[in-house]
Amino acid sequence: QVQLVESGGGLVQAGGSLRLSCAASGLTFKNYGMGWFRQAPGKEREFVASIMYNGGRIEYADSVKGRFTISRDNAKNTVYLQMNSLKPEDTAVYYCAADKTGYALTRAAPYDTWGQGTQVTVSS
């Protein structure tokens, strides 16, 4: 059974940092592209960051460039999202997703497995 489990969310003040983790099981992780998406209340799910199966291409949404860093550890079957200089507008449920094609595009459609999400709340 393919499973993605996010952790690391929480409440932080503006300007603070959080590190999200997503542990994958039931799949050959090193072959999968991985992405992070988020959804704020009343808004559509949006792309945050993605990393190709081999780390060869990394993409970020303009709103998080320079503040967030995506990385992966294929030995641990885990993808990370380091979030620095957090803003109240970063408040959302953050989801990780796996793309079996390996390419990790910036839209949600190609991703075939999703985690349950972890809440990130940034107070002003």
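Sequence positions, counted from 1, serve as the residue numbers for this chain. Basis for what follows: all heavy atoms, side chains included, without hydrogens, waters or symmetry-related copies.
Under the 4.5 Å side-chain heavy-atom criterion for grouping Ile, Leu, Val, Met, Phe, Trp and Tyr, Tyr80 is not connected to Val120 through any hydrophobic cluster. Grouping the Ile, Leu, Val, Met, Phe, Trp and Tyr side chains by contacts below 4.5 angstrom, directly or via other members, places Phe68 with Met34. Follow the hydrophobic side-chain contacts under 4.5 Å out from Phe37 and you never reach Leu18; the two are in separate clusters. Under the 4.5 Å side-chain contact rule for hydrophobic residues, Tyr111 and Val93 share a cluster.
For the pair Arg72 and Tyr53, the cation does not sit on the ring face, since its NZ or CZ is not both under 6.0 Å from the ring centre and inside 45° of the axis. Judged by a 6.0 Å distance limit and a 45° cone about the ring axis, Arg45 is positioned over the six-membered ring of Tyr95.
Between the side chain of Glu6 and the backbone N or O of Cys96, at least one donor-acceptor pair lies under 3.5 Å.
Residue Ser124 holds its OG atom at 14.0 Å from NZ of Lys87, rounded to the nearest 0.5 Å. Atom OG of Ser85 sits about 7.0 Å away from atom CZ of Arg67, to the nearest 0.5 Å. Taken from CZ in Arg38 to OG1 in Thr118, the straight-line distance is 14.0 Å, to the nearest 0.5 Å. One distance of note links CG of Leu20 with CD of Gln82; it measures 9.0 Å at 0.5 Å rounding.
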Worked check of side chain to side chain contact (heavy atoms under 4.5 Å, CB included) between Val12 and Thr121: CA-CA 6 Å; Val12 65; Thr121 303; over 6 Å; no
For side chain to side chain contact (heavy atoms under 4.5 Å, CB included), just list the numbers for Asp99 and Tyr32, CA-CA rounded to whole Å, side-chain angles, deciding distance to a tenth of an Å, and then say yes or no. CA-CA 5 Å; Asp99 171 15; Tyr32 278 68; 5.6 Å; no
Between Tyr94 and Leu81, does the side chain to side chain contact (heavy atoms under 4.5 Å, CB included) criterion hold? Intermediate values first, please. CA-CA 10 Å; Tyr94 283 70; Leu81 186 67; 4.2 Å; yes
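In this structure, Phe47 has its ring center at least 6.0 angstrom away from the ring center of Tyr60.
Scanning all heavy atoms of the two residues, the minimum distance from Asn84 to Ser17 falls at OD1-OG, 2.9 Å. For the pair Gly26 and Val2, the tightest heavy-atom approach, listed with the atom from each and the gap, is O-CG2, 3.3 Å. The nearest pair of heavy atoms linking Leu4 to Ala24 is CD2-CB, 3.5 Å. Closest of all the heavy-atom pairs between Ala104 and Arg57 is O-NH2, 3.6 Å. Taking both residues in full, the closest heavy atoms of Ile70 and Trp36 are given as CD1-CD1, 3.6 Å, listed atom of the first, atom of the second, then distance. Minimum interatomic distance between Ala98 and Leu27 (heavy atoms only, all atoms of both residues): CB-CD2, 4.4 Å.
Ion pairing of Asp62 with Lys65 is present here, as a side-chain N (NZ or NE/NH1/NH2) and a carboxylate O approach within less than 4.0 Å.
Within the 4.5 Å cutoff, the side chain of Lys100 has no heavy atoms near those of the Asn31 side chain. Inter-residue side-chain proximity for Met52 and Ile58 is flagged as unmet; no heavy-atom pair is nearer than 4.5 Å.
Side-chain contact of Glu89 with Thr91: a donor-acceptor pair under 3.5 Å is absent, judged by distance alone. A donor atom on one side chain and an acceptor atom on the other are not found under 3.5 Å apart for Thr78 and Asp73.
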